[in-house]
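None of these values were measured; they are calculated from a predicted model. Side-chain atoms are counted along with the backbone in the values below, which use heavy atoms only and exclude waters and symmetry mates. Along the sequence shown, residues are numbered consecutively beginning with 1.
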Amino acid sequence: MQVFKFGGASVKDAASVKNVTSIIQNYQDEPLLVVVSAMGKTTDRLQEITNAYVKGEGDAFGLLEKLKQEHNILLHELFEVEVHPIYDEVANAFVEIEWILEEEPQDAYDYLYDQIVSMGELISTKIIAAYGKHIGLNTVWLDARDYIFTDNAYREANVDWEKTEEKIRREIPSILDEQVVITQGFIGSTSENFTTTLGREGSDYSAAIFASCLNAENITIWKDVPGVLNADPKWFEKTELIPELSYTDAIELTYYGATVIHPKTIKPLQNKKITLNVKSFVNPSEPGTEIKTTNQKLPVPSFIFKVNQVFINIQPRDFSFIVEDNLSYIFNQFHQHRVKINMMHNSAISFSVAVDDTGENVLDLLENLEKRYKVTVATGLELITIRYYNQETIDRVLVDKQIIRELKDSYTCQMLVKKRED
């Protein structure tokens, strides 16, 4: 039994949808569950609609109409006749968003975000399942919210593994014996049947949840790259494919910001010793990368670059020590404001971190911290992480760069840098 996951880039237009279904056709004779993300940049568009609705940042209905038109164009390119039931199914999904927008926003932003943004996955999977049937695939659409159960932590929901596993194991295997299951990534539901999301880019995690609960033989994440590379091609002209990767190295790379796999994906698979393949949907016959139990170390140093970093240095106003009570308060503030720490260092009287410049939540965090601490901030920085570094690799990335803060252990070097001033 296998689980496939296709991201937004793999289903961004009609040609891409046809390519995905052709890949599925090659595996339809064995039990297969397929997790699909929202199409193209739909999640970004739905977030814009949410911001326009809740915060008044634009015309929510105008943005929604544009998104509807884009999906209708896709439908016309996939289906020859407009009488196909998928047109009504997609239209009805958009109507659910319109119903929300017609009322004045009264609920919390995170709750409204999940109710609106989650529609992207529901729409894309309805289209994929319908097109699969249209070309002769024996597909069935399942609502992931009926199987993945979470708490009420909207936008970053925590999975109720016991309840989720019981429902998936009880119902889905018999369906897989007969049909290819098409379902959603990124979404779940609360005990009150409200939609939740599992964190941005959480579809990889959804696929891992299904794979773990079903004791799948393997899971394949289909990407627009040949597999896991030792650096992002947009940063390095020459990158190298890593053919085999241990769970430990994969977890470390995702923790430090490698975007090829969602950080929560690896652990459920490691627990069940399920092999994770990362392959190219552009060239599906190529071997890609295998992530599994292995003693194989990374064959080459791996580089992770994160731009738009904010460096925050925190000191007690009375120069008392940064010990348990202060650290507990500081970490709680980061958690409450949903600010992820990418690098941290503490001394007796200071605590410093690098975080993504995500805008308003960072500003709110700083405002709260300044009530109790002396806070200094530097922006526009870059964080470079090298896994299995040496001095040559460090020198390679520091051309025209000045180090603000550096951390090293036996395997990993992190450097917060800015452009060198002549």
Side-chain angles (χ1 to χ4, degrees), residues 204 208 227-233 235-236 238-271 273-276 278 289-307 309-314 321-324 327 330-331 334 339-356 381-418 420:
D204 289 357
V228 178
L229 305 175
N230 73 319
D232 191 323
W235 294 103
F236 275 26
K238 294 183 179 180
T239 59
E240 295 185 49
L241 175 70
I242 302 170
E244 186 177 297
L245 197 59
S246 71
Y247 292 119
T248 300
D249 278 329
I251 289 169
E252 291 286 344
L253 291 175
T254 59
Y255 173 79
Y256 287 114
T259 57
V260 71
I261 308 164
H262 188 275
K264 292 181 179 179
T265 304
I266 307 298
K267 194 59 183 172
L269 305 178
Q270 183 183 28
N271 291 347
K273 293 183 170 54
I274 298 170
T275 299
L276 169 59
V278 181
T289 299
E290 273 194 344
I291 300 171
K292 59 185 180 181
T293 300
T294 176
N295 294 322
Q296 177 72 41
K297 298 297 184 184
L298 284 172
V300 291
S302 291
F303 301 83
I304 301 163
F305 298 86
K306 294 178 76 72
V307 296
Q309 296 295 291
V310 180
F311 181 61
I312 304 171
N313 184 259
I314 303 164
F321 292 135
I322 293 284
V323 288
E324 287 82 358
L327 285 173
I330 290 168
F331 277 114
F334 277 85
V339 177
K340 180 182 178 294
I341 296 172
N342 298 322
M343 176 189 192
M344 61 181 161
H345 176 264
N346 70 286
S347 67
I349 58 171
S350 73
F351 179 73
S352 56
V353 299
V355 303
D356 295 332
L381 305 177
E382 179 181 346
L383 179 62
I384 304 171
T385 303
I386 309 174
R387 181 78 171 159
Y388 297 112
Y389 66 93
N390 55 37
Q391 191 57 47
E392 181 183 350
T393 60
I394 292 173
D395 294 340
R396 180 182 179 185
V397 298
L398 287 182
V399 177
D400 297 326
K401 300 279 192 346
Q402 177 182 342
I403 296 176
I404 305 297
R405 185 58 54 90
E406 181 180 54
L407 295 176
K408 290 180 179 177
D409 62 23
S410 300
Y411 299 106
T412 305
C413 173
Q414 283 192 293
M415 296 170 288
L416 189 65
V417 302
K418 67 177 183 179
R420 188 179 299 279

Q) What distance separates N346 CG from I330 CD1, expressed to the nearest 0.5 Å? A) 9.0 Å

**Q.** Where M343 and L416 come nearest, the two heavy atoms and their spacing
**A.** SD-CB, 4.1 Å

**Q.** side-chain contact (heavy atoms from CB on, under 4.5 Å) against T254, all qualifying residues, sequence neighbours excluded
**A.** I261, P263

Q) Where do K340 and Y255 come nearest, in terms of heavy atoms and distance? A) NZ-O, 3.6 Å

Q) For the atom pair CD1 (I266) and CG (L276), what is the distance rounded to the nearest 0.5 Å? A) 5.0 Å

Q) Looking at NZ of K401 and CG of L381, how far apart are the two atoms once the value is rounded to the nearest 0.5 Å? A) 11.5 Å

Q: To the nearest 0.5 angstrom, please state how far the CG atom of L327 sits from the CZ atom of F321.
A: 13.0 Å

Q: Dump the intermediate steps for side chain to side chain contact (heavy atoms under 4.5 Å, CB included) on L253 and L245, then the final yes or no.
A: CA-CA 10 Å; L253 291 175; L245 197 59; 4.3 Å; yes

Q.
Checking Y411 now: which residues fulfil ring-ring contact (aromatic ring centres under 6.0 Å, His included) with it, not counting sequence neighbours?
A. Y388

Q: List for me each residue that meets ring-ring contact (aromatic ring centres under 6.0 Å, His included) alongside F351, sequence neighbours excluded, and say none if there are none.
A: F331

Q. Quick check: does any side chain N or O of Q309 sit under 3.5 Å from a backbone N or O of V307, one acting as donor and the other as acceptor?
A. yes

Q: Check L229 against L241 and note the closest heavy-atom contact, atom names and distance.
A: CD2-CA, 3.8 Å

Q.
If the condition is ring-ring contact (aromatic ring centres under 6.0 Å, His included), which residues does F303 pass it with, not counting sequence neighbours?
A. F236

Q: Any chance you could measure Q270, atom CD, to I291, atom CD1, to the nearest 0.5 Å?
A: 11.0 Å

Q: Measure from the side-chain N and O atoms of N230 to the backbone N and O of P301, and report whether any donor-acceptor pair falls under 3.5 Å.
A: yes

Q: Just jot down the ring-ring contact (aromatic ring centres under 6.0 Å, His included) partners of Y247, sequence neighbours excluded, or say none.
A: none

Q. For the residue pair I242 and S302, what are the closest heavy atoms and their distance?
A. CD1-OG, 3.6 Å

Q: List in chain and number order the residues that pass side-chain contact (heavy atoms from CB on, under 4.5 Å) with T275, two or more places apart in sequence or in another chain; answer none if no residue qualifies.
A: N218, N277, E290, K292

Q. Which pair of heavy atoms, one from S352 and one from N313, lies closest together, and at what distance?
A. CB-ND2, 3.5 Å

Q | Member of L383, T385, I394 meeting the side chain to side chain contact (heavy atoms under 4.5 Å, CB included) criterion with M415 | A | I394

Q | Considering all heavy atoms, the nearest D204-T265 contact | A | CB-OG1, 3.1 Å

Q.
Does E392, at its CD atom, have more than 12 non-hydrogen atoms belonging to other residues, nucleotides or ligands within less than 6.0 Å?
A. no

Q | Reported CG-to-OG1 distance for the pair D395 and T393, which is rounded to 0.5 angstrom | A | 8.0 Å

Q: Examine distances only and state if a side-chain atom of Q414 and a backbone atom of Y256 form a donor-acceptor pair shorter than 3.5 Å.
A: no

